[in-house]
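To keep things clear, I will list the structure first and then write my remarks on it.
In what follows, every chain begins at residue 1, and chains take the letters A, B, ... in the order their sequences are listed.
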Amino acid sequence: MSVRVRMAPSPTGFLHIGGVRTFLFNWLFARQHDGECLLRIENTDTGREVAESVEQIKESLTWLGIDWDGEVAFQLDSAGRARELAQQLLAEGRAYEDEGAIRFRQPAGSVAWDDAVRGRIEFQNEHLPDLVIVRSDGRPTYNFASPVEDLIDGITHVIRGEDHVSNTPSQINILRALGAELPVYAHVPNINGADGRKLSKRHGAVSIDAFRSGGYLPSALFNFLALLGWSFDDKTTIMSRRELVDRFTLARVVSSPATFDYEKLDWLNGVYLRNLQPDEYAHFLLTWLSEQQIDWPRTTVDATVPLIQEKIERFSQYPDFVRFLFEPVTPPADLDPRICAAAREKLAELDPWEAVTIERALRELCEELGEKPRQAFAPIRLAITGSKVSPGLFESLELLGRDESLERLGAVVAGAASAAADA
RNA sequence: GGCCCAUUCGUCUAGUGGCCUAGGACACCGCCCUCUCACGGCGGCGGCACGGGUUCGAAUCCCGUAUGGGCCUCCA
C-alpha cells in the first residue's frame, strides 16, 4: 500500500507555525515512504481575500521547502458525495432526521484505534453524542465532511493535531458505518507559548512570513520545527532535510505538548548561518535585504560578509551592525579626542590602506601612548562606527576607506575643540 | 460537569524494569581566548509532579491524587 497524506491549511489568514509543524511531519512521512503529500484547500468561500491567502500559504510552504503532489478542494459547502453518503446512512438506519438536519446514530459498545503516535486509545460509544452530519440547510458538517473527504482522496495516514483526538472515535464510527477502510491515525502534540497556552502573537512570531522577514534561514527553521515533538536520538540536533526524511518516524513523535523556544531557534539559525559558504551567505543576505527593501551597494555588502558571518544569528541583526559603512554616524559628544587625534595622524600617511597595516599602525600607537589596546581602540571604534559594538576595527577601517576614516576621526577632534571653546 | 490526552533540568528532549549516583542541546553562571560584540574551548548550576502498589530491582508497569491541555456547536 502506498502512502498518501494531506496538509489542510485554513485559508483564513497566514500560515501558522504550529500548523506548519504538523504539515512538516506529514511531508517527512510521505517523502520517506515515497508516498504522496496532498495540499487540501478548503473552498468554503471563493472570495478574493481567500484566494490571496491561499497564494500566501503556498508561497510560505515553498519558501520553507515543503512541496506537494497535488491539490484537492475540501468542498465543505457543496459536497454532493457527502450528502449521498448521508442519505445512504439514513436509509440504512445508521442516521436519523432531526429538525431538518441529519444526525449520525452512534453504535453500541466501544471504539478504539492504535494511534501511530500515542498508542491505543479507546472510547465508550455511550459518551459520544449523535452528531449532526448534514445541517438543515443541506451543508455537511466538518466532522462528516472530513472523513468523507479523506475517503474520497484515498488518504492512508491522517496525521493531525492532538485537538482532533476527541473527534476521531466519531469519525471512525462513521467510516465503519460507511463500510470504509480506516486510515492510520497519528495525533501529534500541540505547540505552546512559554505560558503553556496555545502559541499566539503574544509570544512572538507565529507566521512563517514573520520568521522569513526576521532573517531566519528556511533550512534552520525546518530543522528546528522537526525537533519540536520529535527527536532522532539523545544527541543529534543539526540535521539536513535529507537526513530528516531518512530518519523521521511517527513512533518517535512524543505525545506531550512542546513549548516554542525562540532562543534555541536563534542559536540554531546562527549555526546554519555560520556554516554557509561566503557566496551562499551573500546570496541569502542579499535576498533578505531586497525583501526588506534595503538598497545598499552589492559590492560593499559582499565585502562585509567575512566581517559579520560569525557575529550574527539572524539577518535582521545585520543592518545595525554595518550601517556605519553606508550612513553617517554620530559618536557620543563627550568622546576623548586625544586618541582619535593621534590615530588620525598615525593613519594619515599609511600605505597601503589594509587591515593588516592598519592593525600594525594602531598597535604601535598603543605602545607609544602606553595604552592597552582594549582602552585605546574603544574611542576609535566609537568615532568610526558610532557604536561600542562593531565588526573588527581594522577591517572596518579598511572597508570605510582612508578618506572617510580620517574624516570621522577628525570630526571627533574638531567637535571636542569647539565644545572646549564654548565652555 | 462528562469523556479523552499529557506530566523527566527554566526550555527542547534521551530513557520502553537492572547500562541511570538520569545522558545531550538551548538558556543561565564562572574561567580561558580576545580590539568591542560574537565564535570557540573548559567547567558549573539544574529534573523523573505527588502518594500508594507490583517486583530482588521502577523515570520506566498498575491504581489514585494534583496540575495542564483538548473535545463535548446545525464551528473548523
Does any N or O in the side chain of A/R6 come within less than 3.5 Å of the main-chain N or O of A/D150, such that one atom is a donor and the other an acceptor?
-> no
When both distances are under 3.5 Å in a Watson-Crick or G-U wobble arrangement, the nucleotide paired with B/A66 is B/U7
Out of B/A6, B/A76, B/C4, minimum distance to the side chain of A/S256 belongs to B/A6
- Task: With the side chain counted from C-beta on, respond yes when A/L289 and A/Y318 share a heavy-atom pair under 4.5 Å apart, and no when they do not.
- Result: yes
Per nearest nucleotide of RNA chain B, the residue lying toward the 5' end, A/E122 or A/T237, is A/E122
| Considering only the P atoms, how many Å lie between B/G2 and B/U8, rounded to the nearest integer? | 25 Å
>> Below the 4.0 Å mark, does B/U73 have OP1 or OP2 next to a side-chain nitrogen or oxygen of A/R135?
In response: no
- Message: Strictly below 4.0 Å: does A/R139 bring a side-chain N or O up to OP1 or OP2 of B/C74?
- Response: no
Regarding the side chain of A/H127, the nearest nucleotide among B/G2, B/U7, B/C26 is B/G2
Is A/D266 touching bases, backbone alone, or none of the nucleic acid, heavy atoms closer than 4.0 Å?
nothing
For the pair A/W296 and A/F326, name the ring-plane relationship: parallel under 30°, tilted 30 to 60°, perpendicular over 60°. parallel
* **Check: A/A210 main-chain N/O paired with A/S213 side-chain donor or acceptor under 3.5 Å** => yes
Over all strands shown, is A/D98 touching base, sugar-phosphate only, or nothing at heavy-atom distances under 4.0 angstrom?
base
B/A58 -> Watson-Crick or G-U wobble partner, both distances under 3.5 Å, gives none
message: So, OP1 or OP2 of B/A14: does either fall under 4.0 Å of a side-chain N or O from A/S231?
response: yes
Query raised in the report: Once the angle between the rings of A/F260 and A/Y262 is folded into 0 to 90°, is it parallel (under 30°), tilted (30 to 60°) or perpendicular (over 60°)?
Result: tilted
Whichever of A/F123 and A/N190 has the more 5' nearest nucleotide on RNA chain B, that residue is A/F123
When all nucleic acid strands are considered with a 4.0 Å heavy-atom cut-off, which category describes A/A101: base, sugar-phosphate, or nothing? base
Closest to the side chain of A/V254, out of B/U13, B/A76, B/C72, is B/U13
Query raised in the report: Would you say the side chain of A/I172 lies within less than 4.5 Å of the side chain of A/Y185, judging by non-hydrogen atoms?
Result: yes
Applying the 3.5 Å cut-off to both distances, the Watson-Crick or G-U partner of B/G43 turns out to be B/C29
Contact string for nucleotides 32-41 of chain B, one letter per nucleotide 5' to 3', B = base within protein heavy-atom range under 4.0 Å, S = sugar-phosphate only, - = neither, reads ---BBBSSS-
When both distances are under 3.5 Å in a Watson-Crick or G-U wobble arrangement, the nucleotide paired with B/U16 is none
Any sub-3.5 Å donor-acceptor pair from A/H16's side-chain atoms to A/L199's backbone N or O?
yes
What distance, rounded to whole Å, do you find between the two C1' atoms, one in B/G70 and one in B/C9?
27 Å
Under a 3.5 Å limit on both distances, the Watson-Crick or wobble mate of B/G1 is B/C72
Practice prompt. Could you work out the separation of B/U34 and B/U21 based on their P atoms and round it to a whole Å?
Written response: 42 Å
Atom CZ of A/F224 and atom P of B/A25 are separated, to the nearest Å, by 17 Å
Taken to the nearest whole Å, CG/A/N167 to C1'/B/U73 is 11 Å
